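Below: the structure, in structure tokens.
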Amino acid sequence: MFIVGLTGGIATGKSTVSKIFKELGCQVIDADQIAREVVKPHQPAWKQLVKNFGTDILLPNDEIDREKLGKIVFGDDAKRRVLNKCTHPAIYQAIWWKLVNYFLTGERFVVLDLPLLFESGVALYVTKEVIVVYCDRDTQMKRLMERNNFNQSEAEQRINAQMSLEEKCKRATYVIDNSSSRERTGEQVKKLYEKFNRSYAYLPLRVFSLCVVCFVTWLLVRMVKLYS
């Protein structure tokens, strides 16, 4: 099994590409979905967040108010590091156990949908191919403002806080242009899906992947113990 990393910028349409891969029958590990699951009420990561940020970040049903928490940590490196320390061990542990499961069930390849693929270093160590979802700046601004009800200044701040799309595209193996229609995006995704399905790269990588899975599983166990 080999791992295809999927990333992009805020509001470039990464979720759309991820959904199309799923519709084609591909196994997709969605880091954002996992991030929501590990902070459900009374989970260990939830308890750490409440301990460090207080009960003001909770909604009436005890769920984390993601919008409020995002505003607290945005632009504050120290608070963002605290957030990462509370959640990342649980997120990466869940990701790796899913990878172990897909490896054991004989998947040819798996898509790892991870917003901070390059920033976290995951792209360097575990992915064979990396796809970056791109759209032009004006389209990105328009989508973000409409989706999050941001004004222009707020949208620019969110975009500028991330690694630039140009830099991500330079590091990518493949770039999917999501500036136009979903149909055009779907055509690009389908071509890559068929290319990956024809690849025999998974054969020599299978033994290597097993070694990586074993090592990272051991490392995650150590991390969980360290942060618990």
Side-chain angles (χ1 to χ4, degrees), residues 1 3-11 14-15 17-19 21-22 26-105 107 110-127 147-148 158 161-163 209 212-228:
M1 183 183 83
I3 302 167
V4 178
L6 176 64
T7 192
I10 187 171
K14 181 175 60 63
S15 296
V17 171
S18 179
K19 184 177 180 180
F21 269 115
K22 291 177 184 177
C26 180
Q27 299 294 349
V28 177
I29 299 175
D30 186 339
D32 278 341
Q33 179 61 38
I34 291 173
R36 287 189 286 270
E37 292 173 355
V38 301
V39 296
K40 286 182 177 179
H42 310 296
Q43 295 293 320
W46 178 91
K47 293 179 181 178
Q48 287 298 313
L49 288 175
V50 173
K51 178 181 178 182
N52 284 277
F53 294 98
T55 56
D56 287 343
I57 64 169
L58 298 179
L59 294 167
N61 62 359
D62 277 352
E63 291 185 357
I64 300 293
D65 187 331
R66 293 168 62 87
E67 183 177 352
K68 179 179 284 189
L69 182 58
K71 289 179 179 179
I72 290 172
V73 303
F74 181 74
D76 189 322
D77 289 340
K79 290 181 179 178
R80 187 165 58 249
R81 283 194 293 271
V82 173
L83 170 65
N84 292 343
K85 184 177 180 181
C86 292
T87 60
H88 279 192
I91 292 170
Y92 286 112
Q93 182 183 26
I95 288 173
W96 280 109
W97 282 120
K98 284 181 179 291
L99 287 172
V100 169
N101 178 66
Y102 289 137
F103 173 81
L104 294 175
T105 55
E107 294 294 331
V110 173
V111 173
L112 175 56
D113 180 347
L114 187 63
L116 300 179
L117 189 69
F118 292 117
E119 293 88 337
S120 65
V122 171
L124 179 63
Y125 295 109
V126 302
T127 58
R147 187 188 75 183
N148 292 52
R158 296 307 192 279
Q162 297 186 333
M163 180 187 293
S209 297
V212 170
V213 166
C214 290
F215 170 73
V216 176
T217 300
W218 171 81
L219 184 62
L220 283 170
V221 170
R222 300 267 302 178
M223 286 177 62
V224 170
K225 289 181 179 179
L226 179 64
Y227 287 114
S228 61

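Side chains included, hydrogens not; waters and symmetry mates left out as well; all remaining heavy atoms used. Note that the structure is predicted; figures quoted are calculated from it, not measured.
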Mind checking whether [X] and [Y] have side chains closer than 4.5 Å, heavy atoms only?
{"X": "Tyr102", "Y": "Ile3", "value": "no"}
{"X": "Gln27", "Y": "Ile29", "value": "no"}
{"X": "Ser18", "Y": "Leu6", "value": "yes"}
{"X": "Leu58", "Y": "Ile64", "value": "yes"}
{"X": "Ile34", "Y": "Lys98", "value": "yes"}
{"X": "Val50", "Y": "Trp46", "value": "yes"}

For residues 30-44, pull every pair meeting side chain to side chain donor-acceptor pair (under 3.5 Å), keeping only residues two or more places apart or in separate chains. Gln33-Arg36, Gln33-Glu37
What pairs meet the side chain to side chain donor-acceptor pair (under 3.5 Å) rule with one or both residues in residues 61-70, with sequence neighbours excluded? none
Using 0.5 Å steps for rounding, measure from the [atom1] atom of [X] to the [atom2] atom of [Y].
{"X": "Asp113", "Y": "Lys19", "atom1": "CG", "atom2": "NZ", "answer": "13.5 Å"}
{"X": "Thr55", "Y": "Leu49", "atom1": "OG1", "atom2": "CG", "answer": "13.0 Å"}
{"X": "Phe74", "Y": "Leu69", "atom1": "CZ", "atom2": "CG", "answer": "13.5 Å"}
{"X": "Leu112", "Y": "Thr7", "atom1": "CG", "atom2": "OG1", "answer": "9.5 Å"}
{"X": "Lys51", "Y": "Gln48", "atom1": "NZ", "atom2": "CD", "answer": "5.5 Å"}

Quick one: does Thr127's side chain have a donor or acceptor within less than 3.5 Å of a partner on Val4's backbone? no
Taking all non-hydrogen atoms of both residues, which atom of Ala31 and which atom of Pro115 are closest, and how far apart? CB-CD, 4.3 Å
Minimum heavy-atom distance Ser120-Leu117, with the two atoms named: OG-O, 3.3 Å
Kindly determine whether Ile10 and Arg147 satisfy side-chain contact (heavy atoms from CB on, under 4.5 Å), including the steps that lead there. CA-CA 11 Å; Ile10 187 171; Arg147 187 188 75 183; 3.5 Å; yes
Other residues, nucleotides and ligands only: do more than 12 of their heavy atoms fall within 6.0 Å of NZ on Lys71? no
side-chain contact (heavy atoms from CB on, under 4.5 Å) for Lys79 and Leu83? Distances and angles first, verdict last. CA-CA 6 Å; Lys79 290 181 179 178; Leu83 170 65; over 6 Å; no
